Number of protein chains: 2
Amino acid sequence: MRADARRNRLKVIGAAQVVFSEHGPDARMEEVAEKAGVAVGTLYRHFPNKEALLGALIADRLGHVIEVARDVLDRDVEPWEAFSRVMRRLTGIAHEDRAFAHVVPLLGDEGELGEAKRTVGGLLEELVHKAQEAGKMRPDVGAEDLPPLFMGMVLATPPGFSPARQERYVQIILDGLRHRGAHEPG
Amino acid sequence: MRADARRNRLKVIGAAQVVFSEHGPDARMEEVAEKAGVAVGTLYRHFPNKEALLGALIADRLGHVIEVARDVLDRDVEPWEAFSRVMRRLTGIAHEDRAFAHVVPLLGDEGELGEAKRTVGGLLEELVHKAQEAGKMRPDVGAEDLPPLFMGMVLATPPGFSPARQERYVQIILDGLRHRGAHEPG
DNA sequence: CAGTATACTGAATTGGAGTTCATTTTAGTG
DNA sequence: CACTAAAATGAACTCCAATTCAGTATACTG
């Protein structure tokens, strides 16, 4: 791959990250190109279409979630704490990236994105299971319930609202997921 | 107003309700016309544009929420019960109407819709306040927090999922809003 | 320092959806 | 039963964003 191509690819990804984060999946390709300092055609040299570009970004962000999840699982963090830490990370990313919040809850399972999603799904299942075994989480919840609850809240919130409010919402949902009677700590 | 006009207006509203409920605010005007058994031009004889048509529908549904809220307040239903009943209604409507779930959380406050929203907002405030006074609801919540939490959950959920699941999610969020220590009943 | 494959450019193409409006149809009236 | 104002029709128009591709520029190679 030519050096300028590699350079441009990075510029495109960086710009796309910013633009999609702000405007969600409906951001215009022209705007991405502009912010990258590149012509639209160049976007299409690196990604077959808009969906692929967006998919690559989301997969990348899901990678961060996977990382945190693996970390807390490896280090045997206390189950509820582990679970809430991962959910905070997931929500934090969504808060900074509207496209992420839009795309993640939807099921579509193709390509790179599909794999990332399945991995996240598996890890969430493990986290939920452990929290339930420890008696900390209500038993009638599954991993598939988490995206609607946590991503939804971000979606239905005006862009750029305060992180404090976001944090409060996360806390409310976490409390709701807690096993009744297991209250007190975080 | 001519009889056929009145008849068509009803057909249009009925069709729009179905189509927007299913596809959300992005439903096509052509599809509404088709389902109404009418030409597109007719839609525009009755409503200046898509937004106005959609707004009329939403305002109508908000009317139902207002009705329930007024009812429970008038009849002095126990505060937490009153609050949760209204939220169940709100979520139930959103569940059947994706457009509703999309539009309601956004702030825009013009025309008929704006007024309906402000009314709902006022009633929710009253409900929240009473629930908090009774010590049943966490004190760090306001009426403006409810749409993101409840509508968001619907938004981030695949269309046409089971009412039971929906009900479970509502329960989780309600539990999260409960004042710690006020647990036990519904 | 050619030569060439690779990459970039941006104007043109495509397609989809909202909206308009000249024409046609129809409900109500005297 | 005309007659006319109201209403309906649907093809055409407009706008906007994704995508393409012929022409141009540029990085690597020997």
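All values below were derived from every heavy atom in this structure, side-chain atoms included, with hydrogens, water molecules and symmetry-related copies excluded. Being a predicted model, the structure only gives us computed values, none of them experimental.
For B/Q132 against B/R138, the heavy-atom pair with the smallest separation is NE2-O, 3.0 Å. Closest approach of B/V154 to B/A101, counting heavy atoms only: CG1-CB, 4.0 Å. The shortest heavy-atom contact between A/P105 and A/F100 is CD-O, 4.3 Å. The two residues A/H46 and A/R9 have their closest heavy-atom pair at O-NH2, 3.3 Å. Residues B/V32 and B/A15 share a closest heavy-atom pair of O-CB, 3.6 Å.
Residue B/L155 shares its hydrophobic cluster (ILVMFWY side chains chained together at separations under 4.5 Å) with A/L155.
Remark: A/N8 is not in phosphate contact with C/dA7, judged by side-chain N or O atoms under 4.0 Å from OP1 or OP2. Between B/T42 and D/dA7, a side-chain N or O to OP1/OP2 separation shorter than 4.0 Å is absent. Note on A/H46: every side-chain N or O is 4.0 Å or more away from OP1 and OP2 of C/dA7.
To the nearest 0.5 Å, atom CZ of residue A/R88 and atom CD of residue A/Q171 are 5.5 Å apart. If you take OG on B/S21 and CG on B/L57, they are separated by 8.0 Å, rounding to the nearest 0.5 Å.
What separates CZ of B/R7 from P of D/dA8 is a distance of 9 Å, to the nearest Å. Rounded to an integer number of Å, the gap from A/Y44 OH to D/dT20 P is 7 Å. Rounded to whole angstrom, the span from the CZ atom of A/F47 across to the C1' atom of D/dA18 amounts to 16 Å. Following rounding to the nearest Å, B/F20 (CZ) and C/dA17 (P) show an atom-to-atom distance of 13 Å. For the pair B/R45 CZ and C/dA22 P, the interatomic distance rounds to 14 Å; values are reported in whole Å. Between A/L43 atom CG and C/dG10 atom P the separation is 13 Å, expressed in whole Å.
Under the side chain to side chain contact (heavy atoms under 4.5 Å, CB included) criterion, A/H129 pairs with A/E133, sequence neighbours left out. Not counting sequence neighbours, the partners of B/F83 by the ring-ring contact (aromatic ring centres under 6.0 Å, His included) test are B/W80.
Near DNA chain D, meaning a heavy atom under 4.0 Å from it, residues 26-41 of chain B has B/V38, B/A39, B/V40, B/G41 in order of number. Across residues 53-61 of chain A, not one residue has a non-hydrogen atom less than 4.0 Å from an atom of DNA chain D.
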Below 3.5 Å between N/O atoms, which protein atoms pair up with nucleotides 28-30 of chain C? Just atom names and distances, please.
from, atom 1, to, atom 2, distance (Å)
C/dG28, OP1, B/A3, N, 3.0

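Counting heavy atoms of neighbouring residues, nucleotides and ligands inside a 6.0 Å radius, atom NZ of B/K35 does not exceed 12 of them.
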